Amino acid sequence: MDEKYFPEKIEEKWQQRWADERAFEARQDDPRPKFYALEMLPYPSGFLHMGHVRNYAIGDALAWYKRLRGFNVLHPIGWDSFGQPAEQAAIKRGVQPRDWTEENIAHMEGQMRRLGISYDWSRVIAAHRPDYYKWDQWFFLKMLEMGLAYKRKSAVNWCPKEETVLSNEQSSGGVCWRCGTAVTKKEIEQWFLRTTKYAEQLVADIEEIESGWPAKVIKRQRDWVGRSEGAYIDFKVKDSDEKIRVFTTRIDTIYGATAVVIAAEHPILSGLLEESGLKEQVRQFAQKIKTARAIKTEDQSAEEEKLGMNTGRLAVNPFNGELIPIWVANYVLMDYGAGAVMSVPAHDERDFEFAQKYTLPIRQVIASVVHGQQDEPETQAPGGDQSIEMKNAFTEYGVLVNSGQWSGKLSADAIRDMAQYAQEKSFGGGAVTYRIRDWGISRQRFWGAPIPVVYCPKCGMVPVPEKDLPVMLPDKAEFTGTGESPLKTVPEFVNTTCPKCGEAATRETDTMDTFVDSSWYFFRYCDPRNEAMPFDPEIAAHWTPVDQYIGGDSHAVMHLIYMRFWTKVMRDLGLVKFNEPVKRLLTQGMVTNRVEGTNEYKAMSKSLGNGVDPDEMIEAFGADATRLFVLFAAPVENELRWSETGIEGAVRFLRRVWTMVYKWRPGSAGILPAHGAEGMQAGSLRSQEFSDAARALRRKTHQTIARVTADFEKLDLNTNVAALMELLNAIGEFNVEPSTASDSDAVAVREAIDAMVIMLTPFSPHIAEEMWEALGHSDGLLKSAPWPVADAELAQKDELEIPVQVNGKLRSRVVVAPDISEADLRELALADSRVQSFIDGQKVVKVIVVPQRLVNVVVK
RNA sequence: GCGAAAGUGGCGGAAUUGGCAGACGCGCCAGACUUAGGAUCUGGUACCGAAAGGUGUGGGGGUUCGAGUCCCCCCUUUCGCACCA
């Protein structure tokens, strides 16, 4: 250990040492309890950014903490290495996606090693390598067998800028998740995975993870699946055998239905129009809506104006036999519920707005039950079936009125009873719908896992047999940028023979969505070189589920839904035995920086020019300080504002720690007893043998251990760093020089410094290793050092300073023994001269004594 | 528009969950050491006030001996959803 701290001198040394000793490789046969710490699979863009650094700093702090607590830690890393940027690089710069990707991975691995993240480098996986995507294909075949993968022609979400198909999740909000371009529709044959089959489980199993996941992610998961309980009701079409099925959550409002409204895409429409006098007019109108929907406007935030048209046909309300008009409108969506609704203007805001615009009747059938009254000021009590004046739809539950035999029932009862009635009369019944759609995984792209099926003129679609996997991606293709799969341009790939009949056949040229790769990768880490299976179920059972997952909340819907879905499929395949793959999830906040010339902080980005290069930070301040700052500057889930002076503060702290350790280190100039030296262990000395100052230092040491240990469990890393800074300050305030220190003083310092160094390891491991070695622990790396144990007795104060309030205002303090009786504390507080001066001349009404905490004297 | 979360010094943030508001750090101020300092060290730093003391956790009300913390209303910000029947 040198006198001065130069990070560049020690960081490389320890990184080399860790690599040489393969220090962080997890072993299956390790008998200690396991802990699986996982950060989200990174895309190999070429450069690490500060968001990565934050992600890995958090994950590594936890991995180190658990390691020091005696867990057998699995902390792996890999690459989400399929995807569009590689192809774009190919188009723009003529490099091959594979070369571009491998170069990026090599560079980023170097950056990760320079950060000193304690990964198990023996388990690295990469999605673009055949030994990985082979298993994507294997899973696809299994899902095909299970009926979970299927092909259909469908209007897909299409990004016109990137010329690619997007999943629903990727086009959330009507814009491309990557480039923000407005998404349009396009009809093509697509492969889907039946996520809808697991809709109920994706909601119900949330219960198992709710306590370990952030509430906002849980909410978004629920919302995305969009479970909705209600009923189907069939409305007969007058003068026809056809029925229109509608879905409603408010069957109790059905007597208020004044129209049936269907989506423009509804298949029944053209049949209805055959008998309608308004045939052409309505047909054109419906076409207009469909076109408008396909070319969504830029401004997605503006609510579209409701447009509708009467088809001229009538439907029969099965509850009361009433004839109501059938309309087509743009506000009814084909892909939700039944693609048709009963319009109840009095009790639904959308229907209300629609009815007002087209002057449809508005009939109240639900009345408020507030205070036992049946009417609200703005909703007059109904009389007959006339339209009434309402300013707004009344959408709350209430009591049914004007609803025949159902009048007088409460909404909740009516919803149950009317659905049952509909079922008995076979025109409907209770039903549950979900908002989630099947997952479209076809991509017309080169750089993805080929979908392993073959099209034979004779046999049709034939799955590639398992033994022929992987279907290898060719080395090269032509990148035309047309939106057609580049694989179509590779005859050696396309032309094959039918696995069934041996005749000439062609391959599927679509590749899989890259979210497939990231849906199960963390199981592969458990058994990364398995050649017979994606992973051995027994090995995976040892490590999974993931104990702590860490990543950005941009993946709160897509990746986490897919991953949960995939796990359930794997469970049904017998590969895993649980429903949910991740016990605890942490969504870290963004890293932002000031935008040049403004006072605004925005996410670091190339276009804004406010990015910070991790390599430059490592060079200027060291990996340890960079990591420490990132963890100290803000709570992990908050936004992190970059600050150059803040990172300087981190270096300053590390330097002070270094100086302190150097000053007290054993050895030539050393004073401290070597670790464990005879008679020099804290435990061998009685507490009376320590000076007051030494006891105070030991108290701080043990309080800090307790605090840091507790905060690690909550992942409150910023307060942990603060606690270590306080401990350092306390060691500094211990006003004894090494040359004059008594044995007991040295023991107290030794204890404090050892604890500080170990607890610093999760934040700044290189400097910790260097200091640990200098402290005489030549017996090995910190990874096998024991986390210090807090001694509650030593952490206990000798005396307490109890604040005394008069009428809730702090007036004085009394110093007392911790075990003082309530009565004595009360007497002492009342006798205090400052307290006396404040209660002088007034009557003491009450004295509240909170043991060990506070006294409040109430006077009048 | 709907929904959720959050508002604490100049800044990032603490506060054992109803009990001393502002830990720790950044910044700033003063001093020391220095040829020098954008290095290092020491001290100070919520606001008003000379002090005694008073005020203070977005604003207003309430519960309580006691409120940053609990309840009600309002304001602001951030995020999510966007016709989901």
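All figures in this text were calculated on a predicted structure; none of them were measured in a lab. Order of the sequence lines sets the chain letters (A, B, ...), proteins ahead of strands, with each chain counted from 1. The basis for the numbers below is simple: all heavy atoms, side chains too, and nothing from hydrogens, waters or symmetry mates.
Contact annotation for A:Asp553: no contact, since no heavy-atom pair falls under 4.0 Å across all strands. Residue A:Gly649 is classed as a sugar-phosphate contact, given heavy-atom separations below 4.0 Å to backbone atoms only.
Rounded to an integer number of Å, the gap from A:Tyr601 OH to B:rU77 C1' is 17 Å. Between A:Asn392 atom CG and B:rC2 atom C1' there is a gap of 14 Å when expressed in whole angstrom units. Remark: P of B:rG1 and CD of A:Glu305 are 19 Å apart, rounded to the nearest angstrom. Distance CE (A:Met725) to C1' (B:rC26): 10 Å, rounded to an integer number of Å.
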Would you tabulate the side-chain donor-acceptor contacts of residues 799-807 of chain A under 3.5 Å, counting partners in other chains and residues two or more places apart, or write 'none'?
from	atom 1	to	atom 2	distance (Å)
A:Asn807	OD1	A:Val859	N	3.0
A:Asn807	ND2	A:Val859	O	3.4

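The CG atom of A:Leu825 sits 9.0 Å away from the CG atom of A:Leu854 when rounded to the nearest 0.5 Å.
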List, with names and distances, any nitrogen or oxygen atoms from the protein found under 3.5 Å away from nitrogen or oxygen atoms belonging to nucleotides 39-42 of chain B.
from	atom 1	to	atom 2	distance (Å)
B:rU40	OP1	A:Arg655	NH2	3.1

Please write out each protein N/O paired with an N/O of nucleotides 62-73 of chain B under 3.5 Å, distance rounded to 0.1 Å.
from	atom 1	to	atom 2	distance (Å)
B:rC65	O2'	A:Asn856	ND2	3.3
B:rC65	O2	A:Asn856	ND2	2.7

All N/O pairs under 3.5 Å across the protein-nucleotides 31-33 of chain B interface:
none

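Comparing the P positions of B:rA5 and B:rG49 gives an interatomic distance of 41 Å, to the nearest angstrom. Nucleotides B:rC20 and B:rA67 have their P atoms positioned 11 Å apart, rounded to a whole Å. Nucleotides B:rG37 and B:rC29 have their P atoms positioned 14 Å apart, rounded to a whole Å. A gap of 25 Å separates the C1' atoms of B:rC33 and B:rG25, to the nearest Å. A gap of 10 Å separates the P atoms of B:rG13 and B:rG7, to the nearest Å. Nucleotides B:rC70 and B:rC79, compared at atom P, are 24 Å apart to the nearest Å. Nucleotides B:rU57 and B:rG18, compared at atom C1', are 15 Å apart to the nearest Å. If you take atom P in B:rA21 and the same atom in B:rA39, they sit 35 Å apart, rounded to whole Å.
Among residue pairs with one or both ends in residues 723-734 of chain A, those qualifying as salt bridge (Lys or Arg N to Asp or Glu O under 4.0 Å) are A:Lys700-A:Glu726, A:Arg707-A:Glu726; sequence neighbours excluded. For residues 624-638 of chain A, the set of pairs meeting the side-chain hydrogen bond (donor to acceptor under 3.5 Å, both in side chains) definition, not counting sequence neighbours, comprises A:Asp60-A:Arg627, A:Asp624-A:His766.
Residues satisfying the ring pair (Phe, Tyr, Trp, His ring centres under 6.0 Å) test with A:Phe632, not counting sequence neighbours, are none. By the ring pair (Phe, Tyr, Trp, His ring centres under 6.0 Å) test, A:Tyr232 is found to be paired with A:Phe247, residues two or more places apart in sequence or in another chain being considered. Remark: A:Asp832 pairs with A:Ser812, A:Val814, A:Arg834, A:Val835 by the side chain to side chain contact (heavy atoms under 4.5 Å, CB included) rule, at least two apart or across chains. By the ring pair (Phe, Tyr, Trp, His ring centres under 6.0 Å) test, A:Trp213 pairs with no residue at all, sequence neighbours left out. Every residue was checked against the ring pair (Phe, Tyr, Trp, His ring centres under 6.0 Å) condition with A:Phe285, not counting sequence neighbours, and none meets it.
The phosphate of B:rG54 (OP1 or OP2) has a side-chain N or O of A:Arg811 nearer than 4.0 angstrom. Considering only side-chain N and O atoms, A:Ser643 lies nowhere under 4.0 angstrom from the phosphate OP1 or OP2 of B:rG12. A:Lys809 has a side-chain polar atom (N or O) that falls below the 4.0 Å cut-off from OP1 or OP2 of B:rU55. Checking the phosphate oxygens (OP1, OP2) of B:rA4, no side-chain nitrogen or oxygen of A:Arg222 falls inside 4.0 Å. Taking side-chain N and O atoms only, A:Asn718 has no distance below 4.0 Å to OP1 or OP2 of B:rA23. In terms of phosphate contacts, A:Asn638 brings a side-chain nitrogen or oxygen within less than 4.0 Å of OP1 or OP2 of B:rG13.
For A:Ala634, taking side-chain heavy atoms from C-beta onward, the closest of the listed nucleotides B:rG12, B:rG53, B:rG25 is B:rG12. Minimum atom distance to the side chain of A:Glu726 is reached by B:rC24, of the listed B:rA85, B:rC24, B:rG12. Nearest nucleotide to the A:Ala722 side chain, out of B:rA23, B:rA85, B:rG27: B:rA23. Checking B:rA23, B:rG27, B:rA85 against every side-chain atom of A:Val332, the shortest atom distance belongs to B:rA85. The side chain of A:Arg853 has B:rU16 as its nearest neighbour among B:rG27, B:rA85, B:rU16. Distance from the side chain of A:Lys219 is smallest for B:rA4 among the nucleotides B:rA4, B:rG54, B:rU16. In this structure, the nucleotide among B:rC81, B:rG13, B:rA85 sitting nearest to the side chain of A:Asp348 is B:rA85.
Within 6.0 Å of OH in A:Tyr336 there are more than 12 heavy atoms belonging to other residues, nucleotides or ligands. For CD of A:Glu619, the number of neighbouring non-hydrogen atoms (other residues, nucleotides, ligands) closer than 6.0 Å is 12 at most. Counting non-hydrogen atoms of other residues, nucleotides and ligands closer than 6.0 Å to NZ of A:Lys357 gives a total above 12.
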Review point. Would A:Asn317 and A:Tyr255 count as a side-chain hydrogen bond (donor to acceptor under 3.5 Å, both in side chains) if you check the C-alpha gap in whole Å, the side-chain angles of each, and the deciding distance to 0.1 Å?
Key: CA-CA 8 Å; A:Asn317 183 335; A:Tyr255 281 73; over 6 Å; no
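Sequence order on RNA chain B of the closest nucleotides to A:Val850 and A:Arg707 puts A:Val850 first from the 5' end. Nucleotides of RNA chain B nearest to A:Leu640 and A:Tyr336 differ in position, and the one nearer the 5' end is that of A:Leu640.
Base orientation at B:rG7 is anti, since its O4'-C1' glycosidic dihedral falls outside 90° of 0. In this entry the base of B:rU78 is anti relative to its sugar, with a glycosidic angle more than 90° from 0.
RNA chain B contains the following stems of three or more consecutive Watson-Crick or G-U pairs, with both distances under 3.5 Å: B:1-7 with B:75-81, B:10-12 with B:24-26, B:27-32 with B:40-45, B:46-48 with B:53-55, B:58-62 with B:70-74.
Side-chain N/O atoms of A:Tyr601 and A:Asn610 include no donor and acceptor closer than 3.5 Å.
Geometric assessment of A:Arg435 against the ring of A:Trp224 yields a positive cation-pi assignment under the 6.0 Å and 45° thresholds. Judged by the 6.0 Å distance and 45° axis criteria, A:Lys306 is not positioned over the aromatic ring of A:Phe354.
The only option from A:Phe653, A:Trp642, A:Phe621 that meets the side chain to side chain contact (heavy atoms under 4.5 Å, CB included) definition with A:Phe629 turns out to be A:Trp642.
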